[in-house]
**Q** 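Take a look at the following structure, please.
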Amino acid sequence: MFYLDFVRAVALAAILVIHFNATVTGYFTLPHKLFASTLPFGIYLGDFGSSLFFMVSGAALALTVPPEQKPWTFYKKRARAIYPLFWLAWAVCFSLRFLSKPGYYAAAKTPTLLLTVLGLDNFAVAAGWVGMDFACVGEWFLGSILFLYLLFPLLNRGLRRCPAGTWAAAFAVSLPVHLSGWDAQLVAIHLLEFLFGMQFLKLGGKARAGLAVLAAAGTVLCSGRDGKITCALFSLLAFTLLAAVSRLLDRPWPQAVCAYLAKISYAVFLVHHVLIQRMVERFDLAALGRRDTLFLFLIYLGGTWAAAVGLLWLHRRIQKGIAALRPQ
């Protein structure tokens, strides 16, 4: 569906911009040069992009996973889609950082290598499980989405058999966990976003319009109280509006552009933050002007695209090599 690719492209743009912003401002200690980092109601742009990604992920899985598929089969397919490219990106980026910054990982405990294997590196640091590990690529988002993948078969079955009960259970569990901070606000609220994406496919036009109105009202009411809940409501509104607007853009070239961005989005996600961090290591960020920041942003986009395409190409070559070694 074109609107899913379109929303994913918007989410990808938000993530690319916010990590560029964070890096060139010394993690928001310097003035912004090109883009603002917050949206209306004080919503952090990075949270907005992540929320859209959680919603798109839920919708895409609900659309493509057959109802009869066994949970174990689903988990194997998700692992094949996530881990090989993640491990490859991690190996390349870790090697470069290890060679260029000897001692960078000296404080990381060897057992935390297991977190790397599981793709939970950055999630573990963000959640406070460990103070330092071998985190390199993937951000906290990867760990969060892996937990949601684990729950997907249960959520999918629940929406088919008892949608109201599934939503009631999701709210009953997610809101207390989120408000208590047990999950460091990394999973519970995103479970509701993920579930909304799954449900969205089954909603008619009137239901979507009604939800948009409720989400708009909820965004205003929650503003200043809980940033994550406000962002979730605002993102729900944005997702619904983007899906509606996509009908006006459903033409061959927007389809092609958004489909291509959707195809490379995971590879871009893996490499972009590491790339911009390496690019600015020798910059005097305080002296960086608006013009040069723009040049850097364009180079960053081009470099990210090249690195993502290169990563995908290397991944395909390795896959072909492994397939050639298998007995016929």
Side-chain angles (χ1 to χ4, degrees), residues 5-53 56 89 93 96-97 100-101 104 122 126 135-141 219 223-224 227-228 230-231 234-235 237-239 241-242 245-246 248-249 253-254 256-258 260-262 264-311:
D5 287 344
F6 179 55
V7 174
R8 187 180 314 217
V10 173
L12 184 62
I15 297 302
L16 286 170
V17 166
I18 197 59
H19 284 151
F20 177 82
N21 262 13
T23 306
V24 300
T25 60
Y27 284 86
F28 312 114
T29 60
L30 297 170
H32 299 302
K33 306 289 180 19
L34 287 179
F35 309 103
S37 295
T38 55
L39 298 171
F41 307 103
I43 294 167
Y44 179 56
L45 183 61
D47 286 342
F48 172 68
S50 298
S51 293
L52 288 183
F53 267 126
V56 169
C93 294
L96 291 174
R97 181 178 287 172
S100 63
K101 295 182 177 181
Y104 183 88
N122 279 275
C136 197
V137 296
E139 316 296 340
W140 62 269
F141 178 91
T219 300
S223 179
K228 290 284 187 177
T230 303
C231 179
F234 182 83
S235 301
L237 171 62
F239 186 98
L241 294 178
L242 288 170
V245 170
S246 68
L248 305 176
L249 302 174
W253 74 263
V257 170
C258 290
Y260 180 74
L261 291 175
I264 67 171
S265 61
Y266 181 46
V268 167
F269 161 73
L270 290 174
V271 303
H272 77 284
H273 205 176
V274 176
L275 183 63
I276 188 59
Q277 288 174 332
R278 292 299 300 272
M279 288 173 69
V280 303
E281 284 178 351
R282 300 183 183 276
F283 276 68
D284 180 356
L285 297 177
L288 198 63
R290 185 180 298 272
R291 180 199 61 191
D292 293 342
T293 303
L294 175 59
F295 289 158
L296 178 59
F297 181 68
L298 296 176
I299 295 170
Y300 157 67
L301 292 181
T304 297
W305 171 80
V309 171
L311 181 67

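These numbers come from the heavy atoms of this one structure, side chains and all, not from hydrogens, waters or symmetry mates. We number each residue from 1, following the sequence as shown.
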**Q** With under 30° as parallel and over 60° as perpendicular, where do the rings of Tyr300 and His272 fit, or are they tilted in between?
**A**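 Tyr300 and His272: tilted rings.
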**Q** As an exercise, state the distance from CZ of Phe234 to SG of Cys231, rounded to the nearest 0.5 Å.
**A**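 It comes to 8.5 Å.
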**Q** Passes side-chain contact (heavy atoms from CB on, under 4.5 Å), Ile15 versus Glu139? Steps please.
**A** CA-CA 11 Å; Ile15 297 302; Glu139 316 296 340; over 6 Å; no
**Q** Can you tell me if Asn21 uses its side chain to pair, donor with acceptor, with the backbone of His32 under 3.5 Å?
**A**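 No; judged by distance alone, with no hydrogens or angles, the pair does not exist.
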**Q** What's the separation between atom CZ in Phe6 and atom CZ in Phe239, rounded to the nearest 0.5 Å?
**A**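 One finds 11.5 Å between CZ of Phe6 and CZ of Phe239.
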**Q** Val268 and side-chain contact (heavy atoms from CB on, under 4.5 Å): which single residue from Val309, Leu311, Thr304 fits?
**A**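 That would be Thr304.
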**Q** Are Leu301 and Trp305 packed together at the side-chain level, in the sense that at least one heavy-atom pair is separated by less than 4.5 angstrom?
**A**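 No, their side chains stay 4.5 Å or more apart.
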**Q** Less than 4.5 Å apart, any side-chain heavy atom of Glu281 and any of Ser100?
**A**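 When only atoms from C-beta onward are counted, Ser100 and Glu281 do not touch, as no gap falls below 4.5 Å.
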**Q** How many angstroms lie between CG in Leu39 and OG1 in Thr219, if you round to the nearest 0.5 Å?
**A**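 Reported value, rounded in 0.5 Å steps: 11.5 Å.
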**Q** Please round to the nearest 0.5 Å and tell me the distance separating atom CZ of Phe297 and atom CE of Met279.
**A**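 Here the rounded value is 11.0 Å.
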**Q** What is the minimum heavy-atom distance between Val137 and Cys93, and which atoms define it?
**A**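 That would be CG1-SG, 3.7 Å.
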**Q** Report yes if the side chains of Val24 and Phe283 come closer than 4.5 Å at any heavy-atom pair, otherwise no.
**A**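 They are not in side-chain contact.
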**Q** Would a 4.5 Å heavy-atom cut-off, applied to side chains only, mark Asp5 and Leu261 as touching?
**A**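 They are not in side-chain contact.
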**Q** Find out whether Thr25 and Leu285 are in side-chain contact, i.e. whether some heavy atom of one side chain is under 4.5 Å from a heavy atom of the other.
**A**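 The answer is no, as the side chains (C-beta and beyond) never meet within the 4.5 Å cut-off.
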**Q** Mind checking what makes side chain to side chain contact (heavy atoms under 4.5 Å, CB included) contact with Ala307, not counting sequence neighbours?
**A**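 In terms of side chain to side chain contact (heavy atoms under 4.5 Å, CB included), with neighbours along the sequence ignored, Ala307 is linked to Val271.
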**Q** For residues Phe20 and Leu34, report the shortest heavy-atom separation together with the two atoms involved.
**A**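 Heavy-atom minimum between the residues: CE2-CD1, 4.3 Å.
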**Q** Find the distance between CG (Leu270) and SG (Cys136) and round it off to the nearest 0.5 Å.
**A**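 If I round to the nearest 0.5 Å, the distance is 10.5 Å.
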**Q** Using ring centroids (six-membered ring only for Trp), state whether Phe141 and Phe269 fall under 6.0 Å.
**A**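 Close enough - the centres of the two rings lie under 6.0 Å apart.
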**Q** Write down the atom of Phe48, the atom of Ser235, and the distance for their closest heavy-atom approach.
**A**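 Taking every non-hydrogen atom into account, CD1-OG, 3.4 Å.
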**Q** Nearest 0.5 Å please: distance from the CG atom of Leu52 over to the CG atom of Asp47.
**A**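 Between atom CG of Leu52 and atom CG of Asp47 there are 11.0 Å.
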**Q** With distance as the sole test, does Ser265 use its side chain to make a donor-acceptor pair with the main-chain N or O of Ala262 at under 3.5 Å?
**A**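 Here the side-chain-to-backbone pair exists.
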**Q** Of the non-hydrogen atoms in Leu30 and Ala286, which two are nearest, and what is the gap between them?
**A**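 Heavy-atom minimum between the residues: CD1-N, 3.8 Å.
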**Q** Whether the side chain of Tyr44 engages the backbone of Gly227 through a donor-acceptor N/O pair (distance < 3.5 Å, no angle test) should be reported.
**A**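 Between the backbone of Gly227 and the side chain of Tyr44 there is no qualifying donor-acceptor contact (under 3.5 Å).
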**Q** Tell me whether the rings of His273 and His19 are parallel (<30°), tilted (30 to 60°) or perpendicular (>60°).
**A**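 Rings of His273 and His19: parallel, under 30°.
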**Q** Determine whether Phe35 and Ile18 make a side-chain contact, defined as any pair of heavy atoms from C-beta on separated by less than 4.5 Å.
**A**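 No, side chains not in contact.
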